[in-house]
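See structure below.
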Amino acid sequence: MSVDARQERFEHIELFGKPALFTNSRIETSSVPDNWYCYDLRGSDRDPGRPAMLEALVVINHAGSILSPEVIPFAKGKDYRSVKGKLNFLGEEMTLRQFCKHHDLTVPTELLKYKPRPASPDEAGFFYALPAEQDAELGAIGHVRMDFGRRGTEFWHTWHPRGPEELNSPEFKAELQEVVDELRESVLKSYSAMTRYCHGHGGAIKGGLVQNYGYIVETDNYRYCLRCNPVQGDYNAYLSCFDKRVQEMNMAADEDVHQKIRDWYTAKFPTDELGPEIKDITFAGLVESMNRGEDVYGTLGVEDSIVRERVFDKAAKLLQVDYDVIYYKWLYGKETPDIELPGQEATQQDMTMGGMSL
């Protein structure tokens with residue numbers, strides 16, 4: 001029977017002068033965390049239950065298994081090593097996570113409740129300072145600025161609010177504390193631990209004077225975006241916090257506008273003339289219609305101020321032009337040839353900020 005290394009209660013041992021973990025059972029190799037090492041112990045033919053040799057895999061006379069945070073070397077040309085007089089049982093049981101805490105080791109990500117994942121390049125916008133309006137759309141609550149001090153083992157931190165105070169609720173504060181506490185066992189354990197983590201877990205993002213790394217922790221209601229800046233003498237990490245419920249509400253509100261645009265297209269053109277792209281029409285399609293001189297402004301309804309403001313404001317940001325340019329282009333169409341706007345291809349390229357479709 002094999003045991004799960006992440007859940008097993010091991011015996012605390014010292015092997016070849018180094019701390020390790022022992023179990024009588026075989027360890028399921030797929031459960032061994034990254035950068036940890038599993039070995040088998042072989043018993044002698046005379047006493048199969050008494051460990052005599054350490055090997056990579058033992059089929060007959062299996063006398064236990066070892067989990068080690070370090071590679072245990074064998075002699076050159078050998079695939080075994082004698083453990084006689086080199087295996088000491090320390091008289092206590094512990095889990096892998098308890099072992100890490102006891103020996104001040106970084107807890108493997110697999111054991112964490114809040115598992116950080118590496119950011120993709122198009123999510124980089126989540127990790128840097130944003131305009132107040134984009135913060136509001138994304139449900140930003142604030143960020144924690146952190147550094148490890150001169151020795152690289154301290155932990156200084158400051159909270160900076162970035163959203164309405166009501167988002168900084170007791171529920172959020174309690175979860176934030178749990179997330180930070182757990183990150184302090186892995187990626188934020190120390191400056192050196194953070195640097196090793198970044199080099200081994202991907203997440204490279206653009207920005208910063210040196211290569212920065214981004215990791216995201218998702219919970220039911222919140223998104224935590226950790227940016228690691230491995231530069232001594234500077235702030236080493238920033239944890240930006242967002243309320244996903246606010247994001248979802250804002251996205252739903254935008255979808256109302258998108259649906260009005262789709263409805264307008266459906267009424268404007270016969271169904272059999274619409275291509276499959278009609279399903280994904282957003283502001284890119286709206287701008288294309290505007291460039292054809294169609295009266296999108298009037299069609300959406302001047303009286304619908306909420307829709308009008310959302311359409312023009314979003315389109316202006318999307319195209320990176322002034323609101324008035326969009327307004328007059330929509331209002332007068334091709335009667336303003338001096339106003340040049342990007343075509344649909346450039347518009348679609350600019351539609352992504354921080355991995356979210358605007």
Side-chain angles (χ1 to χ4, degrees), residues 1-45 47-118 153 181-190 192-202 215:
M1 175 182 174
S2 298
V3 297
D4 189 327
R6 297 163 296 188
Q7 301 179 13
E8 175 74 352
R9 288 194 65 82
F10 294 90
E11 291 188 61
H12 191 196
I13 64 169
E14 188 178 78
L15 180 63
F16 304 120
K18 299 290 183 68
L21 294 167
F22 169 89
T23 176
N24 286 310
S25 303
R26 296 182 184 274
I27 298 174
E28 175 57 50
T29 55
S30 63
S31 71
V32 177
D34 291 340
N35 301 315
W36 281 73
Y37 306 92
C38 178
Y39 301 91
D40 284 348
L41 292 167
R42 182 190 295 276
S44 64
D45 291 336
D47 190 355
R50 185 175 182 178
M53 296 289 178
L54 182 77
E55 302 179 21
L57 177 65
V58 170
V59 178
I60 300 174
N61 292 348
H62 178 266
S65 294
I66 299 294
L67 191 64
S68 170
E70 298 181 17
V71 173
I72 300 177
F74 297 144
K76 186 175 181 179
K78 303 288 186 181
D79 59 0
Y80 62 89
R81 185 174 177 181
S82 172
V83 298
K84 185 177 181 180
K86 302 297 182 180
L87 173 61
N88 298 315
F89 289 82
L90 302 180
E92 55 185 344
E93 291 187 348
M94 57 179 58
T95 64
L96 174 54
R97 187 164 184 165
Q98 290 170 333
F99 178 87
C100 291
K101 290 183 178 180
H102 184 84
H103 292 285
D104 199 29
L105 299 173
T106 299
V107 174
T109 302
E110 297 91 328
L111 303 182
L112 302 177
K113 176 183 177 182
Y114 302 106
K115 296 178 175 62
R117 65 169 176 81
T153 56
D181 285 348
E182 195 168 76
L183 290 174
R184 289 282 290 130
E185 297 182 53
S186 57
V187 58
L188 296 180
K189 188 172 184 66
S190 65
S192 59
M194 183 190 76
T195 302
R196 288 195 302 271
Y197 188 97
C198 292
H199 291 165
H201 290 80
Y215 304 98

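Reckoned from all heavy atoms, side chains included, excluding hydrogens, waters and symmetry mates.
In this structure, the side chain of D40 does not engage the main chain of L57 through any donor-acceptor pair within 3.5 Å. In this structure, H62 contributes its side chain and G64 its backbone to a donor-acceptor pair below 3.5 Å. Judged purely by atom type and a 3.5 angstrom limit, E182 uses its side chain to pair as donor or acceptor with the backbone of Y114. Side-chain atoms of R42 come within 3.5 Å of backbone atoms of I60 as a donor-acceptor pair (strictly under, hydrogens ignored). Judged by distance alone, with hydrogens and angles left aside, the side-chain atoms of K115 form a donor-acceptor pair with the main-chain N or O of L112 at under 3.5 Å. Checking side-chain atoms of S31 against main-chain N and O of A5 turns up a donor-acceptor pair under 3.5 Å. Without hydrogens or angle criteria, R26 side chain to V58 main chain gives a donor-acceptor distance under 3.5 Å. Listed for the S65 side chain is a donor-acceptor partner under 3.5 Å among the backbone atoms of S25.
When side chains are defined from C-beta on, V32 counts as touching L67, because their heavy atoms get closer than 4.5 Å. In this structure, the side chains of F16 and L54 come closer than 4.5 Å at one or more pairs of heavy atoms. Put simply, the side chain of P118 does not reach to within 4.5 Å of the side chain of H201, judged on heavy atoms. Under the 4.5 Å side-chain criterion, counting only non-hydrogen atoms from C-beta, D104 is in contact with K189. The closest side-chain heavy-atom distance from I27 to F10 is below 4.5 Å.
To the nearest 0.5 Å, the span separating CG on L21 from CD1 on I13 amounts to 7.0 Å.
For the pair R81 and Y39, the NZ or CZ position fails the cation-pi test of under 6.0 Å to the six-membered ring centre and within 45 degrees of the ring normal.
A salt bridge links K18 with E70: the distance from a Lys NZ or Arg NE/NH1/NH2 to an Asp or Glu carboxylate oxygen falls below 4.0 Å. Salt-bridge check for R6 with E110: failed, with every basic side-chain N at 4.0 Å or more from each acidic carboxylate O.
Counting heavy atoms of neighbouring residues, nucleotides and ligands inside a 6.0 Å radius, atom CG of N88 exceeds 12 of them.
For Y215 against G202, the heavy-atom pair with the smallest separation is OH-O, 2.7 Å. Closest heavy-atom contact between S44 and A52: N-CB, 4.4 Å.
In summary, the aromatic rings of F99 and H12 are positioned with their centroids under 6.0 Å apart.
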